[in-house]
Student: 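Below are the structure tokens for one structure; questions will follow.
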Amino acid sequence: MHLEVRNLTKHFPVKGGFFTRTKGTVKAVDGVSFSIRRGSFFGIVGESGCGKTTTGRLILRVMDPTQGDIWFFPKNEERINLTRLTRKKMTPLRPKIQMIFQDPYSSLDPRMTVQRIVGEPLRAIGTASGSEYLDRVSAAMRRVRLRPEMMNRYPHAFSGGQRQRIGIARALVTGPELVVADEPVSALDVSVQAQVLNLLQDLQERFGLTFLFIAHDLGVIRHICDTVAVMYVGKLVEVGERTHLFQTPAHPYSEALLSAIPRPDPKIKAKPGLLRGSVADASNPPSGCLFHPRCRYRKQQCENQTPMLREVTPGHSVACHFDLDLEGIGTRC
Amino acid sequence: MDRSKTLMRVENLRMSFALRQGTVTAVDEVSFRIPRGRIVGLVGESGCGKSVTGRSLLRIEGPACIESGKILFSPSGNGDIQMHLLAPDSEAIRSIRWKQISMVFQEPMASLGPMHTIGDQIQEAVRLHLKTDKKEAERLALEALASVGMPRAEQAFKQYPHQMSGGMRQRAMIAMALSCSPALLIADEPTTALDASTESQILELLKERRKSLDMSILYITHNMAVIAQIAEEVLVMYLGRIVESASVRGLFAEPKHPYTRALMNSIPRIDRNPAGRLEAIEGDVPDPYSRPSGCAFHPRCPQCISGVCDRMIPEMTRQGRESRVACHLYPESLKIREG
């Protein structure tokens, strides 16, 4: 066990009307619970507004949750509840939990050299200095297959793929245990995406890293993640081992999403018909099951009762009132 | 080749950007045809020149310049309009835009203004190009919105772009682009910024509208999966050149050019578990200022023939009824003469 999230919730107030009083709330993340095993790739997938990015930010303690616990199990140490820590108490833990951002163009300060960018997390905790600092920056660069001699150049001298590797080097320089990667390849060309995905897998193998991998691309998720969690409008609707989830999804939203994704095969046409309408409005969500207005299996119960996440088979959980026989992708085992 | 079946013909198009550091060739001797009523996909990664090529068909390629080559548009089947010779702001070109050739972009706000309602904007386009009266324009505009599956079209008619979701704005842009029933629609990554569910719906919409309007589409994207879903014929571009063209089934069944093959092999599959690492293409797309000699792909090509690929630019050769490739591995059986 490396990270355990219990009932994580983040509500944003919606202000409006006279005197900017709070009109309502956007439940960006609403009662989300999951566990990440050490050394695994845990994927969170979902469409825009599902709360996956906010979940990542909450785990990094960039923002405070409205409710819930985040239990972190550092190596050889007692587990610790990150939500109970003050900013100050969080500081010594930061080297252990790092982040890779989506956009390699805006996430690197164009006025800083690569050395300053990659070394920033080290300077922030003030541990390394002098030659040790430069050694660690060089080592991080080498690990992502960038030549350390390039460290005095500026980001604009590098391609998109190289910039993303600079961002990864920055995430690795403190020797973290857990890396939160928020859409790390979606801004890259396909050929470069493959390089970066391979690199992440190599790093995971070499250093035993644990990854929380947030993405909207199901192909990327299937390729790299062992366990996959599907989010919809702030809630977890399904969690399971990769093959299981893709071949035998348990939630109608997962089924519809899988059938709607275009595949790189002209003989297999996507079926967008299963995914009717558009993503629910988080500021004005449907009653009961959030997906029910779009669900072709819905019954009366779905409108009135919110389904809780329950286990259907060991390691596979779903938030749906029924046990449905749904269509997945790939050969059924 | 039956000329009357061809709506648009591009011959040896060469386009460049004049930058402070020098001239950059963005499109390098590109030739292709768009048949009537067909969906042609133009696929390639960043910097391959696909967007500039698409924009040149409407003469909105600025700041790039057309250095040489021809763009021949034949909407009625009787003779060609020499688009490359017309001034971009000429009356001739302006009468073609929207009415005969239309375009949709990745960012709907490239077509939609923020200050007017969707209904007003579509109506204005219709009145301007079809010269109808106000009532007829309003009817056509409403019809256009309904035809793109806009939920509650009458309401959307009175809304401003900022009041709509990304998917709705995209539909509004498509409605506007199709409102005058053009013969050719150029779509430049219109679904890239959308969710998967919306993306598939938009692709289905474009296919359906193409049928009812008997329209051709040039669909430009970097996404091979989208190409597989929507295109009937495919052109693959790399660093300003077309490296392969084929029917969509032919391309996916038997990709010939090493770049096309490498591109397909590097896509993570949604329908099966990975068998190890992805086959990534070595290196990066070259800097347009320092184009490799000979075949632009040779430094990254696993099958590069030293002394050949680094010296000579491969010519396009025909490999079957619908398949063409520009690669030294495929010697000519029949050299293509563009015309």
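Below, chain A is the first sequence line, B the second, and so on; all start at residue 1.
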Student: Where does A:Leu197 contact chain B at under 4.5 Å (heavy atoms): side chain, backbone, both or neither?
Tutor: side chain
Student: Listing request: all side-chain hydrogen bond (donor to acceptor under 3.5 Å, both in side chains) pairs with a residue in residues 226-237 of chain B, at least two apart in sequence or in separate chains.
Tutor: B:Arg38-B:Glu233, B:Arg210-B:Glu232
Student: Say whether, by atom type as modelled, one donor and one acceptor occur between the side chain of B:His298 and the main chain of B:Cys295 under 3.5 angstrom.
Tutor: yes
Student: Measure from the side-chain N and O atoms of B:Glu279 to the backbone N and O of B:Ala262, and report whether any donor-acceptor pair falls under 3.5 Å.
Tutor: no
Student: Tell me, yes or no, whether the heavy-atom count around B:Gln163 atom CD, taken from other residues, nucleotides or ligands under 6.0 Å, exceeds 12.
Tutor: yes
Student: Do you know which of B:Met224, B:His222, B:Arg269 has the most heavy-atom pairs with chain A at a distance under 4.5 angstrom?
Tutor: B:Arg269
Student: Determine the option with the most heavy-atom pairs under 4.5 angstrom with chain B, choosing from A:Arg242, A:Arg263, A:Lys267.
Tutor: A:Arg263
Student: Between B:Gly276, B:Gly167, B:Ala228, who has the most heavy-atom pairs with chain A when the cutoff is under 4.5 Å?
Tutor: B:Ala228
Student: Can you say whether A:Asp217 sits under 4.5 Å from chain B via the side chain, the backbone, both, or neither, judging by heavy atoms?
Tutor: neither
Student: Can you tell which part of A:Arg294 gets under 4.5 Å to a heavy atom of chain B, answering side chain, backbone, both or neither?
Tutor: side chain
Student: Has the side chain of A:His316 got a donor or acceptor atom that lies under 3.5 Å from a matching backbone atom of A:Leu245?
Tutor: no
Student: Side chain, backbone, both or neither: which part of A:Ser159 has a heavy atom under 4.5 Å from chain B?
Tutor: side chain
Student: Chain A heavy atoms under 4.5 Å from B:Gln201: which part of the residue, side chain, backbone, both or neither?
Tutor: both
Student: Using a strict 4.0 Å threshold on nitrogen-to-oxygen distance, state whether B:Glu208 and B:Lys211 make a salt bridge.
Tutor: no
